[in-house]
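Okay, so here's the structure we're looking at.
So that the names make sense, note that chain A is the first sequence line, chain B the second, and so on, each numbered from 1.
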Amino acid sequence: MDIIVCVKHVPETAEAELKIDISGKTIDKAGLVFDINEWDDYALEEAVRIKEKLGGTVTAITIGPQESESTLRKCLARGADKAIRLTDPKFEGSDAYATAKILYSVIKTLHYDLILLGAQAGDTGNAATGPILAEMLNIPHAAMVKKIELGSGTAKVNRELEGGFEEQLEIRLPALFAVSTGINEPRYVSIMGIRKAMQKEIKVLSLADTGLAETDVGIAGSWLNIERLYVPPVEKQAEFLKGTPDEIATKLVEIIKSKGLI
Amino acid sequence: MAKIFVLAEHRQGQIRDITFELLTKARELAEKTNAELCAVILGKNVQEHAKALAEYAKIVMAVEDPKLENFNSEAYKRILSKLIAENKPSLVILGHTSYGVELAPRLAAALNTPLATDCIDLTFEGDTLAVTRQMYGGKVNAKAVLRKADTYMVTVRQATFTPKKPEPPANGQITTIPSPLTEEIVEKRFLQYVLPPPGGVDITTAEKLVGIGRGIKDQANMPLMEDLAKTLGAVLACSRPIVDKGWLPNDRQVGSSGKTVKPKLYLALGISGAFQHVLGMKSSDLIIAVNKDPKAPIFSFADYGVVEDLFKIVPSLKNKINETKAQKT
Ligand SMILES: Cc1cc2nc3c(=O)[nH]c(=O)nc-3n(C[C@H](O)[C@H](O)[C@H](O)COP(=O)(O)OP(=O)(O)OC[C@H]3O[C@@H](n4cnc5c(N)ncnc54)[C@H](O)[C@@H]3O)c2cc1C
């Protein structure tokens, strides 16, 4: 099995205070911690597990600046064999469609049986790149995949539906699967693994290497153009309880008690 | 007259709520842009569904085919590509659901139709479509415009618009269209639905829930959370990362891909309040959230908020509950 995993280097924002930068079109990235996109982490783990079971290769691909190499190093340390970084200032502002075009330009030249990526990226939340890429490659796909069982020439996959249940599909290979979190348990990377990964080569390609035109990528090549970001208006504001933890606990108990719940 | 297409979603003989949410929003857009609202349904034996759709839309296009008994994005793509090419709607609306995220991007790419996903609002500005969507787990909203085109496509977030039947009902005209599918789709086949294994606890009937999220940090902290729940006489529920890590079983997950709950008390500890979670718990009677991030989206759904490290609150809270219970007896 030759597997390609598409990964994205994204800022962790769940616990960070976000500031919109002066352009109003993006967030201020200073001080944010970047790591592999949560969903892609599961895709990578799944790829490595399949390789361990069936043999073959895993190639990790990302689009991003120099800093995103740390995410590729993580992939290599986890068991990816090769890594490719696509980078060009012209890629800036690419939406899911332009992103898929960039990935397609490289992937179409490679051999693969399977392409895995996360169901969505935690920053943009588009959940669209995978299926668009599958259409460009003209291979079948499944999104929100929770389980993959490989047969000969086909795969049985479970897709997540709403309300906790799933549907099972049979899909012909080569195929693309956009995976959900929880499909596996991503492993920790050993120090040895990281050291070894430092020596592996990362292939770097720019716009010129992709054969795409400037107008195919970035804002010019996108379907969607962000005009402005803003802090969501508050619909309902919680009444905030203040004081020492003990004082707060006392107030909470009073509230709960007043509803007859203690 | 220009058309606006809404794709009806159904599963196992039931039309899904999202369909009427989309039709309600689409009607508003159709009125503003002087377009005809058109509900599109693909399936096997969908005439009853078509009648329900006709109460909302001027035109109902029903494609009947036994091969369409279960959703298959490849089959849908082929049929919708044809319908869209023939009718050239100004806008195609789908739900940002499991079906929508599987189908819409691929369909948009096949037709080269600009797409915006997971929209929480949309409006025509002249002949350009502008949308609102969220980024960074709901911490930031983005206003974006789609590249100018004759047809736009969007997926819309669930439970964003409240369904409302037009008065009087639209009394739409139902057209049954022969299926253009000539053969089975061989590269992608539906096999079966897979139900989760029956669980031990039913969080949907619990009166009090302690919901825990990634903020509890470590599995070693689980006993502390269980303890608090027990003291309060509550059941432990959770956000998705807790299930993904295997710290609690599947049936404890609250949210769009988990359970919808409506307890008398929902105490959210270390949960950011991502939309998918909120969808499952926002109708709880009393919501109390503890989160150290004052900007956490959960605070705009909670009745009471505590901005503090949960590990400072939980032990005190447990003590105070015990004291109160002791006074009572
Ligand atoms: C298709 C799809 C379906 C999904 N379905 C669901 C679903 O059904 N249910 C669900 O929950 N999610 C679902 N999700 C995931 C969802 O988008 C979020 O990723 C998830 O809800 C985040 O969980 P969380 O709030 O526990 O974690 P995070 O977003 O990581 O938030 C952790 C919070 O804890 C706070 N915190 C950290 N430490 C402390 C401390 N010591 N004291 C107090 N607060 C602290 C942080 O400030 C932060 O706000 C789904 C996602 C997708 C794409």
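- At a 4.5 Å heavy-atom cutoff, the contact between B/I321 and chain A is made by backbone and side-chain atoms alike.
- Rounded to the nearest 0.5 Å, atoms CD1 (B/I18) and CD (A/E162) are 8.5 Å apart.
- At a 4.5 Å heavy-atom cutoff, B/V243 makes no contact with chain A through either its backbone or its side chain.
- Using a 4.5 Å cut-off on side-chain heavy atoms (C-beta onward), A/L224 and B/V131 make contact.
- Nearest heavy atoms, B/A144 versus A/I226: CB-CA, 3.9 Å.
- Within the 4.5 Å cutoff, no side-chain heavy atoms of A/I248 are placed close to those of B/Y304.
- In this structure, chain A has a heavy atom under 4.5 Å from the side chain of B/D293, while its backbone stays farther away.
- B/A108 touches chain A through backbone and side chain together, each having a heavy atom under 4.5 Å away.
- Both the backbone and the side chain of A/Q237 come within contact range of chain B, each with at least one heavy atom under 4.5 Å from a heavy atom of that chain.
- Here the straight-line distance linking atom CG of A/L241 with atom CD of B/E308 works out to 11.5 Å at 0.5 Å rounding.
- In this structure, the portions of B/S257 lying under 4.5 Å from any heavy atom of chain A include both its backbone and its side chain.
- Residue B/K208 touches chain A through its side chain alone, counting heavy-atom pairs closer than 4.5 Å.
- Along residues 255-262 of chain A, the residues that come nearer than 4.5 angstrom to chain B, judged on non-hydrogen atoms, are A/I255, A/I256, A/K257, A/K259, A/L261, A/I262 in order of number.
- Residues of residues 168-178 of chain A lying under 4.5 angstrom from chain B, judged on non-hydrogen atoms, are A/Q168, A/L169, A/E170, A/I171, A/R172 in numerical order.
- With respect to A/E15 and B/K292, a salt bridge is recorded, a charged nitrogen being found less than 4.0 Å from a carboxylate O.
- In this structure, B/D303 and A/K236 have side chains that are in contact, with non-hydrogen atoms separated by less than 4.5 Å.
- Salt bridge annotation for A/E12-B/R214: absent, with no cationic side-chain nitrogen under 4.0 angstrom from a carboxylate oxygen.
- Scanning both residues, B/Y99 and A/L161, for their nearest heavy atoms gives CE2-CD2, 3.7 Å.
- At a 4.5 Å heavy-atom cutoff, the contact between B/T324 and chain A is made by side-chain atoms alone.
- Residue contact with chain B, scored on non-hydrogen atoms closer than 4.5 Å, involves the side chain of A/N158 exclusively.
- At a 4.5 Å heavy-atom cutoff, the contact between A/K156 and chain B is made by side-chain atoms alone.
- Residue B/K295 touches chain A through its side chain alone, counting heavy-atom pairs closer than 4.5 Å.
- Residues B/N70 and A/E167 fail the side-chain proximity criterion, which asks for heavy atoms closer than 4.5 Å.
- With a 4.5 angstrom heavy-atom cutoff, A/P11 touches chain B only via side-chain atoms.
- For chain B, no part of A/T154 is nearby; none of its heavy atoms comes within less than 4.5 Å.
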